[in-house]
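Written below as structure tokens is the structure these notes are about.
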Amino acid sequence: MTDLDLDLRWYAGTRSGRRGAAPPIQVHPAAPDTVLLRQSITTNFEAPFLYLLFGGDRAFLLDTGATADATSFPLRATVDTLIDGWLRAHPRDGYELIVAHSHAHGDHVAGDGQFADRSRTRVVGHSAADVAAFFGIPDWPRGRSRVDLGGRVLDVIPTPGHHPSAVAIYDEATGMLLTGDTVYPGRLYVQDFPAFQDSLRALCDFSAAHPVSVVLGAHIEMSARPFRDFPLGSTWHPDESPLPLTVGDLHAIRDAAARIAGRPGAHRHANFIIWNGPCRLESASQSIRLLLFRASGLLRAPGR
Ligand SMILES: [Zn+2]
């Protein structure tokens with residue numbers, strides 16, 4: 001199995017929310033043929049992670065970020081440059097691109113339009129039916145399917161609960177399990193709790209049967225201080241919790257979800273928070289925390 005290099009600092013944004021020195025997309029080659037990308041937090045507070053995987057016949061892009069505009073968020077240009085570079089090292093004709101999504105919330109599909117006119121490119125649709133049809137997943141959400149990139153095979157695992165068309169992607173070349181917004185170090189917003197629990201059980205069962213080296217989601221919202229998240233909407237993330245989670249964390253989230261089923265509200269743990277339902281009180285407290293967080297930054301950094 002190929003080792004992943006995930007030891008890096010992601011740009012933290014700025015206290016003022018201004019762009020600063022951060023590029024609009026931070027690009028990190030984590031292994032040969034495996035690139036992590038992150039939309040700068042200064043272009044959108046969601047700062048989602050995107051994944052670009054190269055196989056012998058086609059590349060696979062998971063998610064297209066939170067911004068449609070190609071000037072402020074040049075995803076297509078970035079992906080084209082990465083693919084051109086890969087093809088210079090591995091010359092071949094007819095190389096394809098699949099643009100898929102961890103799920104269809106706006107901060108994961110906004111850049112789709114940038115790929116609309118790209119040749120030899122297929123963009124997966126947004127509904128559960130679209131996703132099941134594209135990958136040939138039987139009996140959604142219980143079935144699974146595999147997609148062959150040419151010498152590199154990915155498993156596609158339905159994981160509804162946060163969003164109806166959510167999937168996780170397992171890459172057997174590196175052992176990474178990409179879990180989108182279903183599992184990541186942050187606020188796990190649950191729309192359909194029974195489906196969420198089924199999906200967590202499915203991910204744990206899958207991880208028991210396959211070598212999972214790391215669990216990688218689509219955001220970081222926890223700080224390095226246990227139990228402490230950055231306020232919702234903040235464009236400054238000093239000292240984030242690391243992105244990688246483990247199979248042990250998957251089990252912990254599954255077990256935590258089992259304990260709070262039927263109990264609405266935000267349930268806080270050291271490196272994740274489960275939001276069961278709309279959580280109006282917690283939402284109001286997040287708004288106040290954001291104001292205080294921004295004010296504290298301004299007080300500490302006058303004029304920035
Ligand atoms: Zn989402």
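Values reported hereafter were calculated over all heavy atoms of this structure, with side chains retained and with hydrogens, waters and symmetry mates removed. Order of appearance sets the numbers: ligands from 1, and atoms from 1 within every ligand. All residue numbers in this chain count up from 1 along the given sequence.
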Aromatic plane relationship, F206 with Y170 - under 30° parallel, 30 to 60° tilted, over 60° perpendicular: perpendicular

Spatial distance of atom CG (D80) from atom CG (L75) [nearest 0.5 Å]: 9.0 Å

Count of N, O or S atoms belonging to protein, less than 2.8 Å from the Zn ion (ligand 1): 4

Electrostatic pair D229-R187, nearest N-O below 4.0 angstrom: yes

R225 with D239: basic N within carboxylate O range, under 4.0 Å: no

Geometric class of the F54/Y95 ring pair [parallel <30°, tilted 30-60°, perpendicular >60°]: parallel

Side chain to side chain donor-acceptor pair (under 3.5 Å) partners of D3, counting only residues at least two apart: none

